[in-house]
Amino acid sequence: MKILVVGSGAREHALCWAITRSSLCKDLYCAPGNAGIEEEAQCIPIQVEDLESLVKFCTKESIDFVVVGPEAPLVGGLIDKLTIAGIKAFGPSADAAKLEGSKSFTKEFCLRHKIPTAAFKRFSSANAAIRYVEEIGAPIVIKADGLAAGKGVTVAQTLGQAKDAIEEALNDNKFGEAGKEIVVEECLIGEEASFHVLVDGENVIPLASAQDHKPVGEGDTGPNTGGMGTYSPAPILNEDLTQEIMQKFIIPTVEGMKKEGHTYKGVLYAGLMITDNGPKLIEYNARFGDPETQVLLMRLKSDLLPALIACADGTLDKINLNWDKSAAVCVVMAAKGYPGDYNKGTSIKGLHRVNQIKNTHVFHAGTLLNQHGELIANGGRVLSITSMGENIADAQTKAYEAVDLIDWTDGFCRRDIAWRAI
Ligand code: AMP
Ligand code: GLY
């Protein structure tokens, strides 16, 4: 088969790495890809937002199957356009991707289907929102309604922070259209867990458990990022909790979406807070987590591609996924300054040393090769160093041994990834 993966992050590098090992994959393309993906796939210079060019490329090259990584093209309707063009693809339609694309849609959906989530109210006027947070008090959570590249959420510890976040979104237009409406939410206290399932519209297969660290600083402090590291398995997601999450969240969501006319296909990723009163939904994502995918795919023993195709075909009931008993830890290296301002164009050396270590893999995100063939940082999150080990502690040791072989003075990483699990 001829396969196209859409995206350019370490998640897409991990997807390409897994798909290229499938006996079903003959030719693999990635749009736009990065310097690491180049080793697994032929990179095509089409950006993920350029839906028309992506569809044109697929038609011209007779692509058999498209795997869409990031949320923006999903919410923008890439799957719908590919379907109209007669091209099979992995991911939800634009209507179904509203589970990620609109926080207010998802909150109202949770109310309709009795899915436990934080209490909330929607606002499009800053004055009304400020009056509300004054009444409720801090801590409180302010969220832009639409997609904001992971930066639209403020967990406000003080009323001042809450008011600033409200004004930035509703008065200063910080998130553009995505922040024209906000959701103000009860602040949930507990441990977070990422729960991924594959869905074919009806059948559901849970993936192995994983957990990420969103804050930039050690001890899970500082501003949120796209994710600074992950581990799998996540000890908090035991068998009982997994069953509870399937019954209270996943099944009602898949059934509810079908009933409401937006059948969900693809991967559904629930971000949950495990509170003293049980799990509550923080958010749904209509895509694989990044960097969760890096640890999940290192542990997946089965062929990924048939499972992704089965999601599109409605034949997930025929698929069985086997997972390595070993643990995996992923440490993200980012450019100094991230998630704030950072420099691009700095030089990264030493990756050849890491590639010689068994059971360790470096997935690239913001990288490119300059005209001399040297590896250059070209984004905020740049490398995902992912190692397998007998247990989480062993995988963590191996991942940091690999990190220490990389020579990138303008990069940094957290040194405590997986601390909760050790
Ligand atoms: P989201 O973009 O919705 O995943 O939110 C980013 C992060 O903000 C989550 O991973 C949580 O750490 C935090 N967060 C979001 N909503 C809440 C909430 N209601 N209570 C506490 N923390 C939250
Ligand atoms: N790791 C968080 C996310 O992918 O949204």
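Indexing begins at 1, ligand by ligand and atom by atom, following the structure's order.
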With heavy atoms of [X] as the reference, note each atom of ligand 2 found under 4.0 Å away.
X      : value
Gly289 : 4 (O)
Arg287 : 3 (C), 4 (O), 5 (O)
Asp212 : 1 (N), 2 (C)
Tyr269 : 1 (N), 2 (C), 3 (C), 4 (O), 5 (O)
Gly226 : 1 (N), 2 (C)
Lys214 : 2 (C)

Below 4.0 Å from ligand 2: does a non-hydrogen atom of Gly227 turn up there or not?
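Under 4.0 Å: no for Gly227.
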Is the closest heavy atom of Gly271 to ligand 2 under 4.0 Å?
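The answer is no, since Gly271 has no heavy atom less than 4.0 Å from ligand 2.
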Close-contact set for ligand 1 against [X] heavy atoms, below 4.0 Å:
X      : answer
Glu192 : 9 (C), 10 (O), 11 (C), 12 (O)
Lys214 : 4 (O), 10 (O)
Glu186 : 18 (C), 19 (N), 20 (N)
Met273 : 21 (C), 22 (N)
Asn224 : 6 (C), 7 (C), 8 (O)
Val153 : 1 (P), 2 (O), 3 (O), 5 (O), 8 (O), 15 (C)

Identified side-chain contact (heavy atoms from CB on, under 4.5 Å) partner of Val295 from the options Ser384, Ser387, Cys330:
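Testing each of Ser384, Ser387, Cys330 against Val295, the sole residue satisfying side-chain contact (heavy atoms from CB on, under 4.5 Å) is Cys330.
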Positive for side-chain contact (heavy atoms from CB on, under 4.5 Å) with Val362, one of Val354, Ile357, Thr386
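The residue from Val354, Ile357, Thr386 that satisfies side-chain contact (heavy atoms from CB on, under 4.5 Å) with Val362 turns out to be Val354.
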Please verify whether a non-hydrogen atom of Cys187 lies at under 4.0 Å from ligand 1.
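A heavy atom of Cys187 does come that close to ligand 1.
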Are Lys280 and ligand 1 in contact, using a heavy-atom cut-off of under 4.0 Å?
no
Mind checking whether Tyr269 and His196 have parallel, tilted or perpendicular rings, split at 30° and 60°?
parallel
Do Thr20 and Glu40 have a side chain donor and acceptor closer than 3.5 Å?
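No, Glu40 and Thr20 have no side-chain donor paired with an acceptor closer than 3.5 Å.
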pair Val332-Gln294: side-chain heavy atoms closer than 4.5 Å
no
Between Arg122 and Glu108, is there a side-chain heavy-atom distance shorter than 4.5 Å?
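They are in contact (side-chain heavy atoms under 4.5 Å apart), so the answer is yes.
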Between [X] (side chain only) and [Y] (backbone N and O only), is there a donor and an acceptor less than 3.5 Å apart?
X      : Y      : result
Arg299 : Ser326 : yes
Asn34  : Thr367 : no
Thr293 : Asp290 : no
Thr230 : Pro291 : yes

When the ring centroid of Phe109 is compared with that of His262, is the distance short of 6.0 Å?
no
For ligand 1, note which part of Leu188 has a heavy atom under 4.0 Å away: side chain, backbone, both or neither.
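Both of them.
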